[in-house]
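Values below: every heavy atom of this structure, side chains too, minus hydrogens, waters and symmetry copies. Every chain is numbered from 1, with letters handed out A, B, ... down the list of sequences.
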Amino acid sequence: MLDTKYLRSNLEQVAQALKRRNFELDVARISALEEQRKQVQVKTQALQNLRKEKSKLIGQAKARGEDPQPILDQVSGLGEELAAQTRQLTALQAELDEIYQAIPNLLHESVPAGLSEEDNQELRRWGTPREFEFEPKDHVALGEFAGTMDFDSSAKLTGSRFVVLHGRLAGLQRALIQFMLDLHTTEHGYQETYVPYIVNKDSLFGTGQLPKFAEDQFKLAGEQEYYLIPTAEVPVTNLVRDTIVEADQLPLKRVAHTPCFRSEAGSYGRDTRGIIRQHQFEKVELVQVTRPQDSYAALESLTRDAEQVLQRLNLPYRVMALCGGDVGFSAAKTYDLEVWLPGQQAYREISSCSNYEAFQARRMKARWRNPETGKPEPVHTLNGSGLAVGRTLVAVMENYQRQDGRIQVPEVLQRYLGGIEVI
RNA sequence: GGAGAGGUGUCCGAGUGGUCGAAGGAGCACGCCUGGAAAGUGUGUAUACGGUACCCCGUAUCGAGGGUUCGAAUCCCUCCCUCUCCGCCA
């Protein structure tokens, strides 16, 4: 959510700024509604004031043992008028809230112009794609050859976009998770956090998945309105919802491994082969909560923390600055890490690191006490995958494959697999 | 699942129909005291929206939503959460 005060007093500028992300703001409608709201609000509050004054007089009259009837006569009919005004005000506010909640975050000035992912800007590359002396296979072929990646079973158990991993490959995924958690907790200063995989709608609203992206979520049946988490960003960031963090507690740096659940509505044709796009996947997520002045430095360091995982695994990647049209709804700026996949002969997204500035914090009422003003002010929130485990597994399989179809175990992972070097 | 207690400001905590945005304390900020500090002491210290404009004024908010009433933190209903005891259970 944008700062409504700022939005109201800078409507035209905001509308102009939002064009960079291809979003049309209905300035005329908002102005008209706001004007109406103001009128109704002033009238409502005047009536409330009148009621309060008269009620006070009644109380005082009664205390003196006088007959309050004359004053009671004065307020007859006031209740209905007030109720009508209140209904109108509530309706107007609901309409405005709906509009405001659907407005995406403002972009940081450094975000490159552009409308689609073709306009994303490559910032740097690391590593050199390996020269194969044979035709490299993709992860599906490798997994099926070894009998460790089983789509027949997952289709039987559940349906499409799920996978069953067997034996050493399942172990390799577990090793990746542990490696990532260990790296971020021991070398990058993140505190490991375990969180629920089911959250309520307030949490999803706080990070911006609701109300606009309800169809992307798995909603549970039952009396409670519960959802499976689409990413650990939701429970971990919402830890600071409705709280005031002391200045000396910032930055908060948290890392969590969770499964993630996404309906993938609207991506029916895409990435149907393999485990690139699944309804359920593992992810290690980095979350930071910072003072506003620190958030862009934090975005750089958080991105480097994610990059470290790829570097230690010796996987070639590139860093992309997403263009205005490709930055997500809640983010002000996003870097994507794309890993080289020999099976696809392409760089594919494996991490997305974003600064949300105060956008999520305002929705969540997550604040810190600014020592300079003494006032509670919204914090800045950031998160990034460090990394998407399923896709990292794909990258390891494809980059470390041997001609015989077996997979060399990256050195940093061997200690997690009892020292074995090949699976 | 059964029985009971409770949810109030940054925190603790009083308040059971009217003068309550809310006693008291802690914390924090500023001042006094001090060579300096501690102690002591004085003052201040919620958020949102609106009006007016930087001086204030109004309205709302005491877990959430509804109701009763001229008037609700206080009474009634529904829901959520926390704690204690019992039962069941990984």
For [N] and [M], measure between their [atom1] atoms and round to the nearest Å.
N	M	atom1	answer
B:rA48	B:rG67	C1'	25 Å
B:rC62	B:rC11	C1'	16 Å
B:rG71	B:rU59	C1'	16 Å
B:rC70	B:rA64	C1'	26 Å

Watson-Crick or G-U counterpart of [N], or none if no pair lies under 3.5 Å:
N	result
B:rA22	none
B:rC56	B:rG51
B:rU78	B:rA64
B:rC28	B:rG44
B:rU16	none
B:rA72	none
B:rC83	B:rG4
B:rG36	none

Touch check for A:L72, heavy atoms < 4.0 angstrom, all strands: base, sugar-phosphate only, or nothing?
-> base

Which part of the nucleic acid does A:K5 contact within heavy-atom distance under 4.0 Å: base, sugar-phosphate only, or nothing?
->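 Sugar-phosphate, backbone atoms only, no base.
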
Figure out the CZ/P separation between A:R369 and B:rG9, and round it to whole Å.
-> 13 Å

Counting just side-chain N and O atoms, does [X] come under 4.0 Å of either OP1 or OP2 of [N]?
X	N	result
A:K38	B:rG51	yes
A:K56	B:rG71	no
A:R51	B:rU59	no

Measure distances between side-chain N and O atoms of A:K54 and base N and O atoms of B:rG71, and say whether any donor-acceptor pair falls under 3.5 Å.
->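 There is none.
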
Salt-bridged, A:E34 to A:R8, with N to O below 4.0 Å?
->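 Counted as a salt bridge, because a side-chain N and a carboxylate O are separated by less than 4.0 Å.
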
With a 3.5 Å cut-off and no angle check, do the side chains of A:N105 and A:S330 form a donor-acceptor pair?
-> no

Over all heavy atoms of both residues, which pair between A:P259 and A:E282 is shortest? Give the atoms and the distance, please.
-> CB-OE2, 3.6 Å

Cation-pi between A:R363 and A:F205: NZ/CZ under 6.0 Å from ring centre and within 45° of the ring axis?
-> yes

Considering only [options], which nucleotide approaches the side chain of [X] most closely?
X	options	result
A:I58	B:rG51, B:rC81, B:rG18	B:rG18
A:N49	B:rC49, B:rU59, B:rG71	B:rU59
A:K52	B:rC49, B:rU59, B:rG50	B:rU59

Check whether any side-chain heavy atom of A:R348 lies under 4.5 Å from a side-chain heavy atom of A:D271, and answer yes or no.
-> yes

Between CZ of A:R51 and CD of A:E81, what distance do you get to the nearest 0.5 Å?
-> 12.5 Å

